[in-house]
There are 2 protein chains.
Amino acid sequence: MTIRVILVDDQPLLRTGFRMILEAEPDIAVVGEAADGEQAVEQVRALQPDVVLMDIRMPRMDGVEATRRIAGSGRDGENAARVLVLTTFDLDEYVVEALRAGASGFLLKDVPADDLVAAIRVIAEGEALLAPSITRRLLDMYAARLPSAEDPTPDTLAMLTEREVEVLRLVARGMSNAEIAAELYVSETTVKTHVGHVLTKLGLRDRVQAAVYAYESGLVRPGAI
Amino acid sequence: MTIRVILVDDQPLLRTGFRMILEAEPDIAVVGEAADGEQAVEQVRALQPDVVLMDIRMPRMDGVEATRRIAGSGRDGENAARVLVLTTFDLDEYVVEALRAGASGFLLKDVPADDLVAAIRVIAEGEALLAPSITRRLLDMYAARLPSAEDPTPDTLAMLTEREVEVLRLVARGMSNAEIAAELYVSETTVKTHVGHVLTKLGLRDRVQAAVYAYESGLVRPGAI
DNA sequence: CCGCGACTCCGCCCCTGGGAGGAGATCGCC
DNA sequence: GGCGATCTCCTCCCAGGGGCGGAGTCGCGG
């Protein structure tokens, strides 16, 4: 059971290099090459590979979009090709976008040949694999995102009184001062006071920013309405 | 420059096994052992290791909490020990919790000795590393989060023109009409027109509701700012 | 007891925001 | 060519939002 691989990179030399590395492995076969995203999508459709080695920076259609087309098609069709993304630098934007696009792996181009081959085998089995520096970044984002969700008290939010948080929640539901007043059985003036306090305490300008802050801080979250 | 490691597991036999594997490496030294979370935290404080090999299931204080204490202390103190979590099963809850707690790595206990040693070296360098099956799960969660953002078209949103969506995004970042105008190089009047169209098309009253809608529809999501 | 913080309420003033209504430019499609 | 959609810009109007200053009640803790 050989692993069918397609190489996608706009530099022919690089493709040749990878091909030589991979052809040396008995269980891996390079069945196709592509120089840009559009070709890649066509090749994948035509050749039904197991793994696509994808450069992220390419002309015509970039690697992210190509990854989306290829990996995304797995939802309807059964056997989608797994995409292993390669890049020279570990630029944030590309990493995040590629992973969201459904890539199964992400390696830097300076990866040792052994690691590349090992990565292809892992990915062909349906697992996933990231370069350590990227894993680290992912985990950082992961760790950074949740503290704010577990205890929705990112410092500044802790300065608000109970009532102010209550008002902020209602602001974040798009309610006007009058509506909030009716909801809380207080006068509109009182609501304005609370809103004012929230704004000054959080260093915000208007209720729109307050609503945004409520979502960003995790105080309210999508779907909770 | 040897890597100082502490082993944390409630099974003495397992600790001995790991110790034998690691002591065979010239650049790794096992400087301590602990049988539960509380001991682990003490040992880390006392011995200042580089890497903590942590079992996730333990009496007294579980691995997640211990990880939180150890990795979390890195925010104030400078050199926090990196935590490499080990587990028998790749149970979702533990994985997610441990990663959120700040673990730098996650491996299954059936990992080959070579891989374990390699993982410790990677983590000692400040990078991160996950078992492929866990990487896969992480990416799936990652990718699963986006589909709703890829087609942010809960019917009504589809009625907006490209420009209107663009304006809506900026409104959802708390920007005023004047700021949006500056950002898009158009007049404030134009922005007001677009905002007005967005409101009427979506059946909303003001820009606050528009911002809320942007979050609720998945057009923008927390953390994406 | 007195101070302090939280919550409540008032009036005044100004500015942003949003509605109404119109208009010119470009593009693509019939 | 004509038509619709999109994007752009304008004026007039006024209600709501937010800053500012002031003030009253309650409960807690020094």
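All chains are named by letter (A, B, ...) in the order of the sequence lines, taking the proteins before the strands, and each is independently numbered beginning at 1.
Look at CZ on A/Arg163: it is 8 Å from P on C/dC7, rounded to the nearest Å. If you measure from atom CD of A/Glu188 to atom P of D/dG17, you get 6 Å, rounded to the nearest angstrom. The NE2-P distance, from A/His197 to D/dG17, rounds to 17 Å in whole Å. A/Tyr185 places its OH atom 14 Å from the P atom of C/dC9, with the value rounded to the nearest Å. Going from atom CD1 of B/Ile180 over to atom C1' of C/dG18 covers 13 Å, rounded to whole Å. Rounded to a whole Å, the CD atom of A/Glu166 is 15 Å from the P atom of C/dA6. Between the NZ atom of B/Lys201 and the P atom of C/dG19 there is a distance of 14 Å, given to the nearest Å. Remark: P of D/dC9 and CG of B/Leu184 are 10 Å apart, rounded to the nearest angstrom.
Here the CZ atom belonging to B/Arg169 is positioned 13.5 Å from the CE atom belonging to B/Met175, to the nearest 0.5 angstrom.
Judged by distance alone, the side chains of A/Ser187 and A/Thr190 do bring a donor and an acceptor atom under 3.5 Å apart.
In this structure, B/Arg69 pairs ionically with B/Glu65, as a charged nitrogen and a carboxylate oxygen lie closer than 4.0 Å. Looking at B/Arg163 and B/Glu166, a side-chain N of the basic residue comes within less than 4.0 Å of a carboxylate O on the acidic one, giving a salt bridge.
At the phosphate of C/dG18, neither OP1 nor OP2 sits under 4.0 Å from any side-chain N or O atom of B/Arg205. The side chain of B/Thr190 contributes no N or O atom lying less than 4.0 Å from OP1 or OP2 of D/dC7. Taking side-chain N and O atoms only, A/His194 has no distance below 4.0 Å to OP1 or OP2 of C/dC7. Distances shown here put a side-chain N or O of B/Asn177 below 4.0 Å from the OP1 or OP2 atom of C/dG17.
Mapping B/Glu162 and B/Asp206 onto DNA chain D via the closest heavy atom, the residue that lands nearer the 5' end is B/Glu162. Residue whose closest nucleotide on DNA chain C sits further toward the 5' end, between A/Lys192 and B/Ala178: A/Lys192.
Within the 4.0 angstrom heavy-atom criterion, only backbone atoms of the sugar-phosphate kind lie near A/Ser187; the bases stay farther away. Using a 4.0 Å heavy-atom criterion, one finds that A/Ser176 contacts the sugar-phosphate atoms exclusively. Among the heavy atoms of the strands lying under 4.0 Å from B/Thr161 are primed sugar atoms or P, OP1, OP2 only; no base atom is included.
You'll find the side chain of B/Val167 stays beyond 4.5 Å of the side chain of B/Glu164, heavy atoms only.
Checking D/dC7, C/dT8, D/dT11 against every side-chain atom of A/Thr193, the shortest atom distance belongs to C/dT8. For A/Val186, taking side-chain heavy atoms from C-beta onward, the closest of the listed nucleotides D/dC9, C/dT8, D/dG17 is C/dT8.
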